[in-house]
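Here is the structure we will look at, set down as structure tokens.
The figures here come from the full heavy-atom set of this structure, side chains too, leaving out hydrogens, waters and symmetry mates. Computed from a predicted structure; not experimentally measured. Labels below follow one simple rule: chain letters A, B, ... track the order of the sequence lines, proteins then strands, and each chain is numbered from 1.
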Amino acid sequence: MTQPANTIPRAYDAGAVEERIYQDWWDSGYFVPRANPSRTPFCIVMPPPNVTGELHLGHALTASLQDALTRWHRMCGDPTLWLPGKDHAGIATQWVVERALAEEGTNRHDLGREAFEERVWQWVDLYGNTIDAQHRRLGASCDWSRLRFTLDQGPARAVRTTFVNLFEKGLIYRHERIINWCPRCATALSDLEVDYEERDGKLYYIRYPLANNPDDFVTVATTRPESMLGDTGVAVHPDDERYQGKVGQMVMLPIVGREIPVVGDTAIEMEFGTGALKVTPGHDVVDFEIGERHGLPIVNVIGFDGCMTDAAGPRYSGMERFATRSAVADELEQLGLLERVEDYHHSVGQCQRCSEVVEPLISLQWFLNVGTHTKPDSIAGRAHAAVVNGDIEIVPERFGRVYLNWLENIRDWCVSRQLWWGHRIPVWYCGDCGAFAAHVDDPDACASCGSPNIEQENDVLDTWFSSGLWPHSTLGWPDDASDDLDHFYPNSVLETGYDILFFWVARMIMLGIENTGDVPFRSVYLHGMVLDAEGQKMSKTRGNTLDPLDLLAQYGTDALRFALTTGTAPGNNLRLSTDKLESARNFANKIWNAARFVITAVEGRDDLAGWSDPITPQHREDRWIIGRLDALTVAVNERLAEFELGEAQQRLYDFIWNDFCDWYIEMAKVRLRSGDATAAATLVHVLERSLRLLHPFMPFVTEEIWQNLVARVPAPASGLPPSIMIAEYPQADSMRAAPDAESEMDVVMQTIRAVRNMRAQFRIPAGQKLEAAIETNGMQSVVEQESEAISVLARVEPLTVLHAAESENPAGVSLVVNPLVVRLPLTGIVDLDVESQRLGKELDDVRRNEARVQQLLANDNFVSKARPEVVEKERDRLQGLSEQRQRIEEIMAQLSA
RNA sequence: GGGCGGUUAGCUCAGAUGGUUAGAGCGUCUGCUUUACACGCAGAAGGCCGGGGGUUCGAGUCCCUCACCGCCCA
């Protein structure tokens, strides 16, 4: 691990260190929360991935963010728990296994329920640990000893307890109602599990003759003519003049020959089609509601298998629904009742899992009565209030409005699924007395009549019912004596993608409050979707997915994590490109090499004592970099507290690359060469603190460097922890702010930049030293003390420091870096005319600026209304500008003399 | 139909409570084996912050409006 400095590889090799480091962390028990009564516990539960899933970039993103937050809190000393878990993912997993069965030429019905469930468990045993291993490769510092599965005994008990409580309150009920049905999956779906897709279709205009006057008719428009077999009414808007006198009359339903009423309903859009809507309460949600309002009967013409039922009449009974569509259209055509057919683009609901067109139909299902947001005691009402009154903070804020909007339109949740994989609904029916009841523990006999002839409900619960309990079911609820529940509930943060705000986040809030009386978490942090370089959603069918494991291998884990979480704001989608990955990898390598330099430079020195806390450095450069470090420390902690991880990382990147590497290290080299030992301790200090600050985002490279570094420097009296991941997260020391060093170094750096600029402009080779003289104008000691740095970094030699009164021959170039004037002779390269022109242009710029600031300060409104410090800043600026102008004017006067 | 985003450098994106001359990465151009790093160093070019209106001493930032792109819900 610790090798001689000169054998540290020139490039950071992520693959060579990551596995070993992760193993060390885990073996050392760092992922398990450490008690600390004086600190607030921090807890995140991992959104449980599908148990048979494979890690994709969405997981990589969510894990990177959660791990960063977790590591930050852990380093801050908070008892920290990141609890991992997996979801049985009912319909998704069942679908995968059924597909495998289909390839073997069999199906679940041939197998039977028990054998099928066993088959799924085998599948879980085979693939269920894949994603855990993949999370470990990402560096996820979650406590694997607390790993939970939604079907584990604890969470299962939580599911049953919740169900029984709600059942006994009468909030879970069984009812026959119109629901979304997937004929292929043969199960009910919740509203959320239906995706709508725009498709090309037809709009059929069908004539329904009046019962008492077959010459007159009402024309209805529909995209689904097959459903007309189940029509039980026609609805028009009561104000629609075209249908005055029709409301209350009966029309004759073609083909079927049923008389159905024309009703008036204000929900009808007069502009759509003919303004007359055929009402099929059995197969359309809107129609179902219209039917309820007008007492229309329900006729089910489409069955669970997607074929027509006997109620569709002998001709169509048993026919597949889409075949029926064209057959019905043909028959209507023959009857002369098909007025016309138009092309029509409309959205069609399809099963989220298998893409089959969803059929709304009436079915006996279990529902959770969530109430409405206006009822403060209802489930929806309390979930609404929690966000309105700030018990839960949603980041970014705009998603709070989306959440509330959804709750304000919520309907009862259909929680039963006709699947075999999942939590079987804990209700038992009595074969003798017909009673049924919900039980936490399997009963032996009917609770009403005592008969042993009881049978459990066949349906299972919606997967989201169990994941909705996740923040408390994983911590031991409903066990009252659970320490974890006491410590870590409510969770601190729930971090997930905005795409499951309704599915999951809202359900957790509803069920968490219901079960515990408290919110499940204080904050919700929502991230965006990972898109490809073209901004397209990644999907297997599109073939544009990137495998995070490939990227890990190619760029390193830290680079992938950094690329995924930098340069993006909370809740915004992110395009991932190789550019970003390369840039992040280069950054890891940059730190690696900076560390390589520092380690080489300080190795074997005996003057490093106190490096860990150089509270009052003496040297200007040290005071400057430490002031910058402290400003960074404040900023990073603040940004993290606001969940602005991208900003925090941007600051770290800028500081490490620009301030530390490009300036401080380069200047420190000068001092080290000339025997000034004081730079060494600061180098170590700043590097070490930067590593700590960066560790939550780039855990591996920082650990590897840290180990290498601390092995070679004297340990502070207070000692050092064995790993950076349990080192203290830096907090700023306000005593170290150094505004004078900041402004002085600013002048020094500007001077160096100005000379470099001239060198580039006049093509002076890097190897060629330039003679220079600096008029110090009040900054004599600064220039003298920094003269070596200026000389080396700007490549000027000899460098003459002129006293304020001395004036130099203005031949050559004069650079005005207020208050300094740098004279570069540049004989033979720059003549008088060129220099006059250059200075003239500079003078114009300065004058323009000066005039603008003057104008601003002449504005009484500004001076009286702007904050005093803003006005003061402008005054300072004006002074600087006019000094600069005068200096340029003087030089120009000398030139023309 | 309702709601929410986005529109900033050639490309991809950051820009907290309004306050200098708006930033980064990549790309482009000029130089450079300067003994940590070419996954690098130095320098440079490139922006009426989508259009219009308003509030304000002051607007990329707040308000209104229009246009285009995208997402969610019905």
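Going from atom CH2 of A/Trp592 over to atom P of B/C39 covers 17 Å, rounded to whole Å. Here the C1' atom of nucleotide B/C72 and the CD1 atom of A/Ile500 are 15 Å apart, to the nearest Å. Atom-to-atom, CD of A/Gln854 to P of B/G58 comes out at 19 Å; the value is rounded to the nearest Å. Put simply, CG on A/Leu404 is 16 Å from P on B/C73, counting in whole angstrom units. Nucleotide B/G3 holds its P atom 9 Å from the CG atom of A/Asn405, rounded to whole Å. Atom-to-atom, NZ of A/Lys669 to P of B/C41 comes out at 10 Å; the value is rounded to the nearest Å. A/Lys580 places its NZ atom 12 Å from the P atom of B/C26, with the value rounded to the nearest Å. Rounded to whole Å, the distance from CZ on A/Phe502 to P on B/A74 is 8 Å.
A donor atom on one side chain and an acceptor atom on the other are not found under 3.5 Å apart for A/Asn405 and A/Arg401.
Distances shown here put a side-chain N or O of A/Trp657 below 4.0 Å from the OP1 or OP2 atom of B/C41. Of the side-chain N and O atoms in A/Lys590, one or more sit less than 4.0 angstrom from OP1 or OP2 of B/C41. When the side-chain nitrogen and oxygen atoms of A/Arg575 are compared with OP1 and OP2 of B/U12, one or more of them lie within a distance under 4.0 Å. Here A/Arg411 does not reach the OP1 or OP2 of B/A74: none of its side-chain N or O atoms lies under 4.0 Å away. Put simply, A/Asn757 has a side-chain N or O that comes within less than 4.0 Å of OP1 or OP2 on B/A44. For A/Arg756 and B/G31, the shortest distance from a side-chain N or O to OP1 or OP2 is not below 4.0 Å.
No donor-acceptor distance shorter than 3.5 angstrom exists from the side chain of A/Asn589 to the backbone of A/Arg585, with no hydrogens or angles considered. A donor-acceptor pair under 3.5 Å is formed between the side chain of A/Gln649 and the backbone N or O of A/Thr565.
Comparing B/A36, B/C37, B/C39 against the side chain of A/Arg10 picks out B/C37 as the nearest. For A/Arg795, taking side-chain heavy atoms from C-beta onward, the closest of the listed nucleotides B/U34, B/C39, B/G43 is B/U34. Taking only side-chain atoms of A/Arg401, from C-beta outward, the nucleotide of B/G25, B/C4, B/C39 with the closest atom is B/C4. Each of B/C4, B/A36, B/C39 was ranked by its minimum atom distance to the side chain of A/Asn593; first place goes to B/A36.
Using a 4.0 Å cut-off between charged nitrogen and carboxylate oxygen, A/Arg561 and A/Asp558 do not count as a salt-bridge pair. Using a cutoff of 4.0 Å between basic side-chain nitrogens and carboxylate oxygens, A/Arg651 and A/Glu644 are not scored as salt-bridged. Taking a cutoff of 4.0 Å between a charged side-chain nitrogen and a carboxylate oxygen, A/Arg671 and A/Glu788 do not qualify as a salt bridge. The pair A/Glu850-A/Arg885 counts as a salt bridge, with a side-chain nitrogen and a carboxylate oxygen less than 4.0 angstrom apart.
Of the nucleotides present, B/U30 is the one that pairs with B/A42 by Watson-Crick or G-U wobble criteria, both distances under 3.5 Å. Pairing partner, B/A9: none, since no Watson-Crick or wobble contact has both distances short of 3.5 Å. If you check B/G50 for Watson-Crick or wobble pairing at under 3.5 angstrom, you find it paired to B/C66. Base pairing analysis places B/U56 opposite nothing; no Watson-Crick or G-U wobble pair with both distances below 3.5 Å involves it. Base pairing of B/A14 is not made with any nucleotide, judged by Watson-Crick or G-U wobble geometry with both donor-acceptor distances under 3.5 Å.
Comparing A/Cys661 and A/Asn861 along RNA chain B, the residue whose closest nucleotide (by nearest heavy atom) sits nearer the 5' end is A/Cys661. Remark on RNA chain B: of its neighbouring residues A/Asn658 and A/Ala595, the 5'-side contact belongs to A/Asn658, judged by nearest-heavy-atom nucleotide.
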Using a 4.0 Å cut-off on protein heavy atoms (strictly under), produce a 5'-to-3' string for nucleotides 14-20 of chain B with B for base contact, S for backbone-only sugar-phosphate contact, and - for none. SSB--BB
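When all heavy atoms of A/Leu824 and A/Glu771 are compared, the pair lying nearest together is CD2-O, 3.7 Å.
Residue A/Glu666 places no side-chain atom within donor-acceptor reach of the base of B/A42, judged by atom type and a 3.5 Å distance cut-off alone.
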